Amino acid sequence: MKTMIGKISLVLLLSAPTLLHAQVAGDVANVKFEEVKTPVPGQSVSAGDAGGFYHALYSGSAWGDYDNDGYLDLFYSDRNEHVSSSAIQSNFYKNKGDGTFSRLRSPFKGLAFSCPVWFDMNNDGLLDLLLPGLNNYNYAWADENTRFDQIETLLYISEGIADDGTVSYREISAAEAGIRPIYNGKTGGKGHNWVATGDYDNDGYIDIVMTGFDDNMRPETDHPEDAVRAVYLYKNIGGESFRLQQNPLNGTLPFHGETDGSVCLSDLDGDGWLDLVSSGYGLSRNSELHVYWNNGDGTFSEGDQALSGLNDSSFGICDFNNDGFADIVATGIYFNTKAKNFYIWKNLGKRRFEKVETDMEHIDGGQLSFGDINHDGLPDILVGGHGETHEHTTWIYVNQGDFTFASWGAYYDDPLNKKGHFGRITHGSHHLIDYDNDGFLDAWFSGWVNGSCSKGCDVMLYRNTSATKNTLPNEAPAAPAQLAATFDSATGEALFTWSAPLDDVTPAEALRYNLYLRKKDAGECFMTLPADINTGFIRTGSLSGAIVRCSYRMKINTNGEYQWGVQAIDNGNRGSLFAGALLTVSGVIDDVKTAAPEAIGIWAEGHRICYTLEGSGRLSLIALNGALVFQLQVAGAGALFRPETGIYIVEIATASGVKRQMVHIR
């Protein structure tokens, strides 16, 4: 097997370049995209067009470098009308590095209305895939006849890259991973960014937040309609499993339940801790948007400012005015009036927002992606939607500064297609990614189409060819400098600091950062975002959880010599080389990651579930589909009688550790 994490280059760039070049801010005339007609040239027969990606309807998608070759690969799954009105296809494409792709036999199950996310669960330098969705396109709640096994959340753990470049995966069910299977609606308008990842507690492991319907909880309440809406936060337990945080709001309450919306993890106030934003249709039977401020102790507090929300669409986080404070952009329908909207909440700092009414077309079904497409230093918006005035389409809002935008690529701005407008796709998945590594963000989107496909589904890739309009490619920032780190044994936290480098067009205030930490000569390596330590290449298309200031606090629970480094990321989503340094950690009192699972015993004897533990804890019995059967407090040793036969997951969680064990009741 190949080495999972390569040799680390400790790069210290002490000087930064001057600003080299920049376009005129908001210059639409220098923007150009051209459709890639045959992105998969070796594919003679396609479920859509020959030489193209397989078509999909309402699909979520994920870009990530699964084989660590320095190019972003692609996974998505959904119904393909060219094959069947109900069959779900799994589509996995390898980026060949020459501007084309090859379709691989997918190791991942095909799920509909899904939200796949690439992330490194266990810090081994390889991308794992979280895949929640429905395995039956026609799933429906039917009281006692509901098929809960049609709701799935699967986790695929990468087991290494072979010498021939192939990657194998181990599939883990939701129950085994500690995640409840939920879904977020059954049309593309429900917002495909309903799963987000990031290290919310700064412990060195990437956590998960999800929003949607938890149908398994309906029978457990007197109000089944209200019980299904959820915003679930999962703590990563040492890279081995996840634990649902039952009451993250002030340590006493769950987050407000929502569906038909989105979630994001982002440091909105610049204090070094990821905050959480959720939107959707809530228990108030209204559209809601909630901002939860991270308290830095594993809990969150809700802000006292009421923010109007939208649903049946998606929202996103982006710093549109380069002031170092990320803003919130929201699209969708206001539930009570069914009115469509498109607005921005401007981040004023000090945990306050100001609503900006824009002249953007009000839409539903909108899916958003952000990045600087014309190299002027301002982040732009790729969006597909179904408007109030126009039928569904895809276009880019080019940032003009001061929260004004000009549209490019919409069919209604280019009725004769002289400029080369985008295909008219909405209610699906939209991404700005540099698939060919040429310094220009390209556009990829899939979903419900108007005009290009008789079946109403399509997948399109547009290459950014703005170089033909005299736009210069985005250059990576210089590496950060003046790295320093200290460790406080009293708090168990290390403080990392650095100075901001210069970028060719992105202001220093708007740069984001990615940090790694690994024990010297050890294999496990924490990263805020998956990236190549030697080249700085960021291995995921999503930058969820990036650092926004020139400092970061992180918990360390083992003494020793550590290597650490930091890279800068500009508005073109390109990372610099890493600058590296060393840190010595000593004085850690408890040199143990978690309580040894051997201290907890779980086994079955016939119809009895037996357990032993030191002290007390919470025992949860979980069905294989992820449904919680029951939960109770236990202590010492004992046994529980379970009359129903079957295979279950038993979890015992104590104050210092957790163990999950599969048992067979006979």
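Computed from a predicted model, the values in this text were never measured in an experiment.
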* Asked: When you measure from the side chain of Ser576 to the backbone N and O of Gln567, does any donor-acceptor pair fall under 3.5 Å?
  -> no
* **Residue from Ile622, Thr153, Asn216, Leu244 passing side chain to side chain contact (heavy atoms under 4.5 Å, CB included) with Arg180** => Leu244
* Asked: What residues form a salt bridge (Lys or Arg N to Asp or Glu O under 4.0 Å) with Asp267, not counting sequence neighbours?
  -> none
* Asked: Less than 6.0 Å separating the ring centroids of Trp564 and Phe496?
  -> yes
* So, does Asp436 use its side chain to make a donor-acceptor pair with the main chain of Asp98 at under 3.5 Å? -> no
* **Set of residues satisfying side chain to side chain contact (heavy atoms under 4.5 Å, CB included) with respect to Asp67, sequence neighbours excluded** => Asp65, Asp69, Asp73, Lys94, Val167
* For Tyr71, ring-ring contact (aromatic ring centres under 6.0 Å, His included) partners two or more places apart -> none
* **Under 3.5 Å donor-acceptor, Thr38 side chain and Pro41 backbone** => no
* Asked: Can you check salt bridge (charged side-chain N to carboxylate O under 4.0 Å, His left out) on Asp438 and Arg463, steps first, answer last?
  -> CA-CA 10 Å; Asp438 67 349; Arg463 184 168 180 261; 3.3 Å; yes
* Please test Arg574 against Asp434 for salt bridge (charged side-chain N to carboxylate O under 4.0 Å, His left out), starting from the C-alpha separation and ending with a verdict. => CA-CA 9 Å; Arg574 189 169 182 178; Asp434 185 4; 5.9 Å; no
* To do: Taking the side chain as every heavy atom from C-beta outward, state whether Thr197 and Leu265 have any pair of such atoms under 4.5 Å apart.
  => no
* Asked: What residues, two or more places apart in sequence or in another chain, satisfy side chain to side chain contact (heavy atoms under 4.5 Å, CB included) together with Lys520?
  -> Glu561, Gln563
* To do: Please name all residues satisfying side-chain hydrogen bond (donor to acceptor under 3.5 Å, both in side chains) with Tyr93, sequence neighbours left out, ordered by chain then number.
  => Arg103
* Can you tell me if Thr146 uses its side chain to pair, donor with acceptor, with the backbone of Phe148 under 3.5 Å? -> no
* Asked: Mind checking whether Tyr200 and Leu233 have side chains closer than 4.5 Å, heavy atoms only?
  -> yes
* Ring centroid separation Tyr137 to Phe113 under 6.0 Å -> yes
* Can you check whether Met121's main-chain N or O pairs, donor with acceptor, with Asn236's side chain at less than 3.5 Å? -> yes
* Asked: Does some side-chain heavy atom of Tyr76 sit less than 4.5 Å from a side-chain heavy atom of Phe53?
  -> yes
* Determine, using ring centers only, whether Tyr183 and Phe213 are less than 6.0 Å apart. => yes
* For the side chain of Glu152 and the backbone of Gly133, is there at least one donor-acceptor N/O pair under 3.5 Å apart? -> no
* Asked: Centres of the Phe526 and Tyr516 rings: under 6.0 Å?
  -> no
* To do: Using atom types as modelled and distance alone, determine if a side-chain donor or acceptor of Gln245 lies under 3.5 Å from a backbone N or O of Arg243.
  => yes
* Under the salt bridge (charged side-chain N to carboxylate O under 4.0 Å, His left out) criterion, do Asp203 and Lys235 qualify, and how do the steps go? -> CA-CA 10 Å; Asp203 69 345; Lys235 175 179 170 61; 2.9 Å; yes
* Asked: Sub-3.5 Å donor-acceptor pair from the side chain of Asp214 to the main-chain atoms of Ile182, do we have one?
  -> no
* Asked: Yes or no on side-chain hydrogen bond (donor to acceptor under 3.5 Å, both in side chains) for Ser77 and Asn91, after CA distance, side-chain angles and deciding distance?
  -> CA-CA 6 Å; Ser77 69; Asn91 304 296; over 6 Å; no
* Side-chain donor-acceptor pair present, Ser446, Ser59, cut-off under 3.5 Å -> yes
* Structure fact -> Paired with Phe75, the ring pair (Phe, Tyr, Trp, His ring centres under 6.0 Å) test is passed by just one of Tyr54, Tyr66, Trp63, Phe108, namely Phe108
* Around atom CZ of Arg618, are there more than 12 heavy atoms of other residues, nucleotides or ligands at under 6.0 Å? -> yes
* **ring-ring contact (aromatic ring centres under 6.0 Å, His included) against Tyr58, all qualifying residues, sequence neighbours excluded** => none
* **Any side-chain heavy-atom pair of Ile556 and Leu583 under 4.5 Å** => yes
* Asked: Can you tell if the side chain of Ser429 reaches within under 4.5 Å of the side chain of Gln367, non-hydrogen atoms only?
  -> no
* For the pair Asp199 (side chain) and Ile206 (backbone), establish whether a donor and an acceptor sit closer than 3.5 Å, ignoring hydrogens and angles. => no
* Test His430 against every option in Trp444, Tyr462, Phe445 by the ring pair (Phe, Tyr, Trp, His ring centres under 6.0 Å) rule and name the one that passes. => Phe445
* To do: Would you confirm whether His55, through its side chain, and Cys457, through its main-chain N or O, come within 3.5 Å as a donor-acceptor pair?
  => yes
